[in-house]
Number of protein chains: 2
Amino acid sequence: MILVAVDAGGTRTRASVVNDALACVGTGRAGRGNPVGGGPDAAFDQILLAVEQAADVARVELRDVSRVTLAGAGGSVFDPAFLAQRLAAAGMTATVTLKGDLAALFCSGTPATSGYSLVAGTGATAVRVVDSVEVQVADGLGWLLGDTGSGFWIGRRVARAVAAALDGRESTTMVEPALRVLGIEVDLTLRRGRPVANHQLVDVVYAGSPLGLAALAPVAFLDECDAVSAGIVEEAAQGLARAVADVHSPDVTGPLVVGGGVMSGQPRLRRATLAALGQAGIELPVIEAVDGLLGASVLAVRDTGVVVDDAVFERLRSTTAEQLARPAAQL
Amino acid sequence: MILVAVDAGGTRTRASVVNDALACVGTGRAGRGNPVGGGPDAAFDQILLAVEQAADVARVELRDVSRVTLAGAGGSVFDPAFLAQRLAAAGMTATVTLKGDLAALFCSGTPATSGYSLVAGTGATAVRVVDSVEVQVADGLGWLLGDTGSGFWIGRRVARAVAAALDGRESTTMVEPALRVLGIEVDLTLRRGRPVANHQLVDVVYAGSPLGLAALAPVAFLDECDAVSAGIVEEAAQGLARAVADVHSPDVTGPLVVGGGVMSGQPRLRRATLAALGQAGIELPVIEAVDGLLGASVLAVRDTGVVVDDAVFERLRSTTAEQLARPAAQL
C-alpha cells in the first residue's frame, strides 16, 4: 500500500511517499499550496507538482497510490469534491483525507496522539490535539484579525517603532538594521519636516504586500539591551503564551510541539514564550518541529490502522530526513 | 482677483472660489483628490471637477482665476510641474501653491497664524503650525506604520477584539454591533472549532480593503461600561495626545484645532484626548473644524498679502458655509 502525505503551506508545499515498510521513499517540493489568496487551482497545481516529484523519486506510479493525506491551514479549506476531481484528472484513484496543519506539526514532533502545538511563522496559531485531531484552536485569524506574536505581528511593530524613531519620537537601535533589510539608506536630511529615510520607508512599505513586513521580524532580536525591541519580543511571547493557555486543558499534559519560521529561527522567542507560560502556571515538555511533512506521514500511516509507536515514528522520521537531504528534493 | 482654494482629501475634494470682496462665491465637490493610491491623474480629475463646479456656481471663467491654493496630505505629494501642465491643459494660467492639509485644517478653525492641529479620521496626524506653515509633524504615517488613534486604528482593534470574543478568549459587548456593521449574522454554531460568525468575519475582512476596518470605529464608542472598548478608546486618546505633545513647543500657546471623521463624530474621543493632554501638563484652547476648505481659502487670501483678521475670517467662514449649504454644492 502506497501512501502520499502532503504538507501544503502558505509559502511551500512538500510531499512524501511512504511504502509498505512504513519508510519514506521519496519527497518532492513546490510552492504555495494554500488555496487562500491564489485560489484552489493554483494551489492544487503546486501540490500535484510536489506529489509527482516525490513519486518520481520513489519510482511509483500515481495510480498505485492508495491514500493521500493532505495537511493544510484550517484543515479543510479545499472542497473535497474539487480535490477528488483534480486527483482523478491526474490519474489518481486514492482516498483523500484532509488534516489540520497544526495537527500535522504536532505529529512531526512526537508519536504521542495528544498534546499541543504552537506555530509562529508569518501567522500564529495554537491548538490542543486529542487523538491526533485539533479539538481547540486559538488565534490563527490572519494578519488583520489576529496572529499575535507572529512574524508579521513582530515585523509590523518593528516598522512602526523605526518610523517613530526616525521622527525622533522613540529611541531604538533597530533603525539601521531595519532600513538595511529594506534596502533604504540612513538619510536623515529633513524633507517636509521628516527625514528622507522615513519618506522612503513609507514608499517601500506601502508599495509592497503588508505581509512583507514579516521580513523585519528578525530585527527585533538583534539587541537584547534595546528596550523597544525587547518590549516587542516580550509582548509577542505573552501573546503566544496566551494562545497556548487558551487551548490548555489540565487533562492533556503535553507535549507542546513548536514550529514556524520565527519560532524556529529565534530561540529567544521560544524561551520568552515558555517563561510566560510558566508565569501562567503551565509547564509542558517542549519539542521543536520544522514543518508538518513528517506529521502528515504519521497521520497517513495512522489512518490505515497502524499504531505509530516509537519505532515506527523513528523509521518515518529518519527516512524522511534522508529523502529531504537528497539533492533532487531540494529543487 | 479671483482665488480658488481646494481641500483635496483621501475621500472627498472640495473647492471654493473667493472673489475680490474676500467672499466665497461658489463651492464644488468631487471624490478622492489624493494621488497616493489611485495616482495623480485620477486625483487631478477629481480636483478639476470640484474646481469647475465651484467656478460654475460663482459664474467665473477658469482662465480668470489668478491663484489656486491646493491643500492636501503631505503638502506636496503632487509634482508641481505635473500640476502646472494639467492646469494649463484645462485653460488655466493661475499660480499654484501647495499647502499641508493640517495647516489648512488649522486655518479653518482660527484666524490665528500659529498653534496646533490634530486630525483623527481614517488616519491620524498632529502638527505645530507657525506663520501658517506646518513646522513639525507627528505620525500621519499611514495605517501600517502609524496613524495611532485613527479610525482605522480603532476599527482594527475592534475587529481583533470581536474575533477573540467570538472564540471565547475575550468578553466584550461589541460583538453584536460590530457584526451588524459588517452584515454578519451572530451564528455561534461551531465549525472547525470556531463559530460560523468568526469564519464569516474572516471572509468579510480579508475580502475587503484593510482601510475598510475604519467603519468599525464607531462601535468602540457604544458602551462606556465595556472594559475592552473603553480600553481601546483610552489607548487611542493616549496616542493622539502623545502626537500633540510631540509637536508641542512652550512658545506656541495654541489654539489646537481638531478635526477628522472620528474626532468630530465622537465627542468622547475628544474629551479623552484632552484629558490625556492635561495629564501630560499641556492645556490648550480647543476649536473644532470640519475640514480644510475654509482654511485653504484663508491661506489663499493670506498669500495675496492680505491680513486675515477676525472680520475677514468671519466673512470667509460665513460665505463658505452659505455656499456649502446650497443644494448644487451637495452633489
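Proteins get letters first, then strands, A, B, ... in listed order; numbering begins at 1 in each.
In terms of heavy-atom pairs under 4.5 Å with chain A, the best-connected choice from B:Leu213, B:Val137, B:Asn198 is B:Val137. Of the residues considered (B:Val205, B:Val202, B:Thr148), B:Val205 shows the highest number of contacts with chain A, using heavy-atom pairs under 4.5 Å. Per-residue counts of heavy-atom pairs under 4.5 Å with chain B were compared for A:Ala164, A:Gly168, A:Gly146; the largest is that of A:Gly146.
Between B:Val127 and B:Val247 there is no side-chain heavy-atom pair separated by less than 4.5 Å. Contact annotation: the side chain of A:Asp147 approaches that of A:Asp139 to within less than 4.5 Å [non-hydrogen atoms, C-beta and beyond].
Although no hydrogens or angles enter the test, the distance criterion places no donor-acceptor pair under 3.5 Å between the side chain of A:Asp187 and the main chain of A:Val196. B:His248 places no side-chain N or O within donor-acceptor distance of the main-chain N or O of B:Ile282, the cut-off being under 3.5 Å.
A:Arg169 touches chain B through backbone and side chain together, each having a heavy atom under 4.5 Å away. With a threshold of 4.5 angstrom between heavy atoms, A:Arg157 does not approach chain B through any atom at all. With a threshold of 4.5 angstrom between heavy atoms, B:Ala161 does not approach chain A through any atom at all.
Along residues 174-185 of chain A, no residue comes nearer than 4.5 angstrom to chain B, judged on non-hydrogen atoms.
Rounding to the nearest 0.5 Å places CG of B:Leu105 at 8.5 Å from CG of B:Leu118. Atom-to-atom distance recorded for A:Ser229:OG and A:Ile154:CD1 is 11.0 Å, nearest 0.5 angstrom. Interatomic distance, CG of B:Leu256 versus OG1 of B:Thr273, reported as 9.5 Å (0.5 Å rounding). Taken from CG in B:Leu284 to OH in B:Tyr116, the straight-line distance is 6.0 Å, to the nearest 0.5 Å.
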Open item on the list: Checking B:Glu134 against B:Phe106 for the side chain to side chain contact (heavy atoms under 4.5 Å, CB included) test, could you report, in this order, the C-alpha distance in whole Å, the side-chain angles of both residues, the deciding distance, and whether it holds?
Closed with: CA-CA 10 Å; B:Glu134 299 170 3; B:Phe106 178 77; over 6 Å; no
